[in-house]
Participant: 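Below is a structure I'd like to ask you about.
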Amino acid sequence: MTSETFRLTLACRNRPGIVAAFSDYLFRQGCNIRESRQYDDASGDGRFYARVVFDGVDRPIDPDGIAAGFAPVAESFGMEWAIRPERRPRRVMILASKFDHCLVDLLYRRRIGELQMDVTAIVANHGPETYAGIDFDGAPFHHLPVTRETKAAQEEKLLALIEATGTELVVLARYMQVLSDDLTRRLAQRCINIHHSFLPGFKGAKPYHQAFERGVKLIGATAHYVTADLDEGPIIEQDVERISHADDPESLIRKGRDIERRVLARAVRYHIEDRVFVNGAKTVVFAD
Ligand SMILES: Nc1nc2c(c(=O)[nH]1)N[C@@H](CN(C=O)c1ccc(C(=O)N[C@@H](CCC(=O)O)C(=O)O)cc1)CN2
């Protein structure tokens with residue numbers, strides 16, 4: 001009989017004995033460490049990060065008991081930590097605007113089991129006619145139109161929906177509205193945006209036109225956590241593709257769609273698999 005697997009994630013000020021402490025604790029609980037990744041940010045503010053996958057070998061694990069026993073160990077190191085069952089799907093809300101390529105891609109990857117998530121809702125500032133023909137796979141659709149004048153009220157409805165659905169992660173899948181400072185604070189480290197450029201280049205709207213005018217030879221996309229500062233949040237994933245003088249804005253937009261899809265899907269997967277740690281204005285990513 002195989003035991004269920006769990007993930008321990010932790011972050012704390014670096015000092016000797018952290019690895020010994022959590023590995024000895026898990027060993028004494030009869031657990032087996034299947035995978036362990038760690039990073040000691042000696043160059044920055046001396047933080048230590050670890051992601052540990054463990055199971056009970058051939059005996060069932062009591063996660064609450066394991067967590068209760070680990071709490072004093074964690075406290076002695078001043079850790080931020082969590083223990084989660086690997087197979088529990090994360091609750092994810094997807095926001096979209098006019099362009100649906102990232103929305104469709106995330107739904108497909110969920111349907112084939114690549115993304116271990118339950119979609120709590122699909123929210124858009126455009127009406128359902130914009131997404132005609134898309135199989136939402138049972139996810140509820142909410143049309144929340146917004147103007148400069150109605151932004152505060154729209155965001156209140158959005159936040160109420162996030163809380164009512166127990167949403168753990170909000171994904172801006174080419175959602176083209178700037179979120180307020182208050183909303184970004186409430187969604188800190190649990191709201192991922194896909195920006196259609198290789199940041200820090202070409203921030204803001206219309207990055208492909210900016211790229212065309214500049215005559216760059218590479219275009220890219222960037223997935224980052226959303227902060228109040230537009231396109232400035234901690235970067236989770238990026239990718240690029242070579243282009244040429246022959247590419248006009250339309251062909252850049254076409255080539256960009258593929259890059260956006262794969263970069264956002266990777267960033268969402270890394271987040272829901274607890275592979276991403278925010279380290280100040282940057283991230284530590286234990287990619288697979
Ligand atoms: N607080 C933040 N909100 C959002 C971010 C962010 O980094 N911080 N990223 C954007 C996505 N985005 C670029 O990736 C982006 C979206 C929209 C705009 C913009 O200027 N929008 C205009 C309205 C445009 C329209 O109605 O079509 C606006 O909001 O006034 C710039 C960049 C998502 N939100």
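Indexing begins at 1, ligand by ligand and atom by atom, following the structure's order.
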Participant: What part of T184 sits under 4.0 Å from ligand 1 if we count only heavy atoms: the side chain, the backbone, both or neither?
Facilitator: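 T184 to ligand 1: side-chain contact only, backbone stays beyond 4.0 Å.
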Participant: Considering residues, nucleotides and ligands other than R109, do more than 12 of their heavy atoms fall under 6.0 Å from its CZ?
Facilitator: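 Yes.
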Participant: Check E273 with R7, please: is the shortest side-chain N to carboxylate O separation under 4.0 Å?
Facilitator: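 Salt bridge flag = no for E273 with R7.
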Participant: Could you tell me the residue and atom name of the protein heavy atom closest to atom 12 (N) of ligand 1, and the distance to it rounded to 0.1 Å?
Facilitator: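 Minimum-distance protein heavy atom for atom 12 (N) of ligand 1 reads D231 OD1, 4.1 Å.
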Participant: Among all the protein's non-hydrogen atoms, which is closest to atom 23 (C) of ligand 1, and how far away is it?
Facilitator: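 The closest one turns out to be M176 O, 3.6 Å.
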Participant: Using distance alone, with no hydrogens and no angle criterion, decide if T184 and T227 have a side-chain donor and acceptor under 3.5 Å apart.
Facilitator: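 Result is no, nothing qualifies.
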Participant: Would you mind checking if K255 and E241 are paired as a salt bridge, meaning a charged N to carboxylate O distance below 4.0 Å?
Facilitator: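 Not counted as a salt bridge, because no side-chain N and carboxylate O are separated by less than 4.0 Å.
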Participant: Between L230 and ligand 1, which part of the residue brings a heavy atom under 4.0 Å of the ligand: side chain, backbone, both or neither?
Facilitator: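 It is both backbone and side chain that touch ligand 1.
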Participant: Tell me, which protein residue and heavy-atom name are nearest atom 29 (O) of ligand 1, and how many Å apart are they?
Facilitator: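 In this structure, atom 29 (O) of ligand 1 has V178 N, 3.2 Å as its nearest protein heavy atom.
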Participant: Would you mind checking if R90 and E168 are paired as a salt bridge, meaning a charged N to carboxylate O distance below 4.0 Å?
Facilitator: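 Looking at E168 and R90, the cut-off is met.
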Participant: Taking heavy atoms and a distance under 4.0 Å, where does E232 meet ligand 1: side chain, backbone, both or neither?
Facilitator: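 No part of E232 is near ligand 1 at this cut-off.
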Participant: Side chain, backbone, both or neither: which part of L183 comes within less than 4.0 Å of ligand 1 when only heavy atoms are counted?
Facilitator: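 None of L183 does.
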Participant: Can you tell which part of L179 has a heavy atom less than 4.0 Å from ligand 1: side chain, backbone, both or neither?
Facilitator: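 Both the backbone and the side chain of L179 come within reach of ligand 1.
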Participant: In terms of residue, atom name and distance, what is the protein heavy atom nearest to atom 30 (O) of ligand 1?
Facilitator: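 Looking only at protein heavy atoms, the one closest to atom 30 (O) of ligand 1 is R148 NH2, 4.3 Å.
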Participant: Ignoring hydrogens, what is the shortest heavy-atom contact between A221 and I194? Give both atom names and the distance.
Facilitator: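 So the minimum-distance heavy-atom pair works out to CB-CD1, 4.1 Å.
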